[in-house]
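In what follows, a structure is listed as structure tokens, so that the remarks can point back to it.
Predicted, not measured: the structure shown is a model, and the values here were computed from it. Note that these values count all heavy atoms, side chains included, but never hydrogens, waters or copies made by symmetry.
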Amino acid sequence: MFRADLHCHSTCSDGTMTPNQLLHHAKEIGLSGICITDHDTIEAYHTAPAIAKELGLLLGIGAEFSSVFKTLSVHILAYDFDLHNPAIKKLCERHSVRRTERNRAILHNLSRLGMPIFEEELLAMGEKSIGRPHIAFLMMQKKYVASIREAFNVYIGDGCPCYVPGEAISSEETISIIHQGGGKAFIAHPHLLVHANKIKLLLELPFDGIECHYAKFPPEKEKKWIKIAQEKNWLISGGSDFHGTAKEYIQLGCSWVNEETFHKIFQKPL
Ligand code: AMP
Ligand code: FE
Ligand code: FE
Ligand code: ZN
């Protein structure tokens, strides 16, 4: 049976498998297709296409962009864009600068609370899009907190005392850039959004689709979003949000799309 997981992370952002390991793992568990959606970077696509081809896996082009809509943090999945498009490359570059600056500011805040972490230690944690999961891991390693969860809940989660968001790149602009790059913009994991009023307005933006099938959420949680997709004539995507051992309870392929949907989303798979 054809199954394609359209949401997973590699070591180019906060996943723990390299693109090579991720694609081999996808093959091992019998997936037919995959899309690597690292946070704010397309670095995985330097190596992934050749490996996917060798393994006989269909590879869709993707990324998960961080955006802000009326102060609400919204993740937007970009699918099937042109990897060489200058506007997409520029967006990745802006996020890279944003992350460097705001990671520095977060480390400064942690240090003021007596939890020093050197920037060099953080940079050694990842390859490209380094973020809060890496910081949380170091906090745990240094025994400043007992768990990643505690790091987020008490110190670095949205709205917590050490959190700094950095440059806010709006959802509107992100969608527009994805469209300029010939891609499709999907709302990632809508089930995790809170603030009903803002969601209502967010749904008025020119998205192409919505991630109705997500992680291990049961069908009853998906119903609401499938209904919205049908009303708006949006595409429906699905994926696990696999992060490797950084989120041990989520397995690759636990959410997926079928062959017909894969080809509706990806006109130009690799
Ligand atoms: P960043 O992109 O650096 O702002 O970090 C956000 C990422 O941290 C999300 O994409 C998740 O992978 C992860 N994350 C967010 N909240 C939590 C949490 N409470 N516990 C563990 N990981 C989280
Ligand atoms: Fe993540
Ligand atoms: Fe996300
Ligand atoms: Zn994700």
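- Few gaps surround CD on E220; more than 12 heavy atoms of other groups in view lie less than 6.0 Å from it.
- Looking at Y45 and L270, their side chains come closer than 4.5 Å, going by heavy atoms from C-beta outward.
- Side-chain atoms of L23 and E54, non-hydrogen and from C-beta on, never get closer than 4.5 Å to each other.
- F217 is not connected to W225 by any chain of hydrophobic side-chain contacts under 4.5 Å among Ile, Leu, Val, Met, Phe, Trp and Tyr, and they are in different clusters.
- Counting heavy atoms from C-beta on, the side chains of V145 and V154 never come closer than 4.5 Å.
- The environment of K142 atom NZ is dense: over 12 non-hydrogen atoms of other residues, nucleotides or ligands sit within 6.0 angstrom.
- D5 and S240 form a side-chain donor-acceptor contact under 3.5 Å, judged by distance and modelled atom types alone.
- Separating the CD1 atom in I187 from the CD1 atom in I210 is a distance of 4.0 Å, to the nearest 0.5 Å.
- Think of I265 as one node in a network of Ile, Leu, Val, Met, Phe, Trp and Tyr side chains linked at under 4.5 Å; its network also takes in F2, L6, L58, L77, Y79, F186, L235, V257, F262, F266.
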> Going through the distances and angles, do S129 and D40 end up as a side chain to side chain donor-acceptor pair (under 3.5 Å)?
Replying inline: CA-CA 7 Å; S129 262; D40 305 322; 4.9 Å; no
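- Here the side chain of E121 pairs a donor or acceptor atom with the backbone of F118 at under 3.5 angstrom.
- The backbone N or O of R104 sits nowhere less than 3.5 Å from a side-chain atom of H108 that would complete a donor-acceptor pair.
- Contact record, T37 with H7: OG1-CD2, 3.2 Å, taken as the closest heavy-atom pair.
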> Are M125 and L138 close enough, and set up right, to give a side-chain contact (heavy atoms from CB on, under 4.5 Å), and what steps lead you there?
Replying inline: CA-CA 9 Å; M125 287 287 298; L138 285 172; 3.9 Å; yes
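- Here the CD1 atom belonging to I199 is positioned 10.5 Å from the CZ atom belonging to F69, to the nearest 0.5 angstrom.
- Ion pairing between a basic and an acidic side chain is recognised when a charged N comes within 4.0 Å of a carboxylate O; E93 and K89 show no such pairing.
- Inter-residue side-chain proximity for I177 and I169 is flagged as unmet; no heavy-atom pair is nearer than 4.5 Å.
- One finds the SG atom of C212 at 13.5 Å from the NE2 atom of H189 (value rounded to the nearest 0.5 Å).
- The shortest distance between side-chain heavy atoms of M139 and L110 falls below 4.5 Å.
- Residues D158 and Y163 approach most closely at CA-CD2, 3.7 Å, considering heavy atoms.
- Note: the hydrophobic cluster containing I29 does not contain W256 (ILVMFWY, side chain heavy atoms under 4.5 Å, direct or indirect links).
- Hydrophobic cluster membership differs between L202 and L192, with clusters built from Ile, Leu, Val, Met, Phe, Trp and Tyr side chains linked at under 4.5 angstrom.
- Side-chain N or O atoms of R102 include none that pairs as donor or acceptor with a backbone N or O of G131 at under 3.5 Å.
- Screening residues 17-37 for salt bridge (Lys or Arg N to Asp or Glu O under 4.0 Å) gives no qualifying pairs among residues at least two apart or on separate chains.
- Using a distance-only test at 3.5 Å, with no hydrogens or angles considered, a donor-acceptor pair links the side chain of Y144 to the main chain of P116.
- Contact between R3 and G253 at its shortest, heavy atoms only, is NH1-O, 3.8 Å.
- To the nearest 0.5 Å, atom NZ of residue K232 and atom CG of residue D208 are 12.5 Å apart.
- Counted by atom type alone, H134 and D14 present zero donor-acceptor pairs between their side chains at under 3.5 Å.
- Between the side chain of S13 and the main chain of H39, a donor-acceptor pair closer than 3.5 Å is present.
- Under a 3.5 Å cut-off, the side chain of K198 and the backbone N or O of K70 do form a donor-acceptor pair.
- A parallel orientation is assigned to the rings of H191 and Y214, their planes being inclined by less than 30° (bins at 30° and 60°).
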>> Could you walk me through whether L205 and E172 satisfy the side-chain contact (heavy atoms from CB on, under 4.5 Å) test, starting with their C-alpha distance in whole Å, then the side-chain angles of each, then the deciding distance to 0.1 Å, before giving a yes or no?
In response: CA-CA 7 Å; L205 300 188; E172 291 91 331; 3.9 Å; yes
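- Counting heavy atoms of neighbouring residues, nucleotides and ligands inside a 6.0 Å radius, atom NZ of K216 exceeds 12 of them.
- The side-chain heavy atoms of N103 and I135, taken from C-beta on, include a pair separated by under 4.5 Å.
- More than 12 heavy-atom neighbours from other residues, nucleotides or ligands sit within 6.0 angstrom of NZ on K247.
- If you check the side chains of S67 and S171, you find a donor sitting under 3.5 Å from an acceptor.
- Cluster annotation: I236 and F207 are assigned to distinct hydrophobic clusters (Ile/Leu/Val/Met/Phe/Trp/Tyr, side-chain heavy-atom contacts under 4.5 Å, transitive).
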> Between I178 and F65, is a side-chain contact (heavy atoms from CB on, under 4.5 Å) present by the stated rule, with each step listed?
Replying inline: CA-CA 10 Å; I178 293 167; F65 288 110; 4.2 Å; yes
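- To the nearest 0.5 angstrom, I130 atom CD1 is 9.5 Å from R99 atom CZ.
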>> Using side-chain contact (heavy atoms from CB on, under 4.5 Å), reason through E167 and V97 one step at a time and then give a plain yes or no.
In response: CA-CA 9 Å; E167 185 201 357; V97 172; over 6 Å; no
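- Contact detail for T174 and S66: the closest heavy-atom pair is OG1-O, 4.5 Å.
- For the pair C12/P19, a side-chain contact is recorded, criterion being any heavy-atom separation below 4.5 Å from C-beta on.
- At least one side-chain heavy atom of E248 sits less than 4.5 Å from a side-chain heavy atom of T245.
- Scanning both residues, L22 and L252, for their nearest heavy atoms gives O-CD2, 4.1 Å.
- Side chain of S255 to main chain of A215: a donor-acceptor pair is present (N/O by atom type, distance under 3.5 Å, no hydrogens or angles).
- The line from CD of Q267 to NZ of K184 is 4.0 Å long, rounded to the nearest 0.5 Å.
- Looking only at distances, no side-chain donor or acceptor of K268 sits under 3.5 Å from a matching main-chain atom of D82.
- Listed for the W234 side chain is no donor-acceptor partner under 3.5 Å among the backbone atoms of I228.
- Smallest separation of non-hydrogen atoms from A26 and L57: CB-CD1, 4.0 Å.
- No continuous path of hydrophobic side-chain contacts links V164 to V68 [ILVMFWY only; heavy atoms under 4.5 Å].
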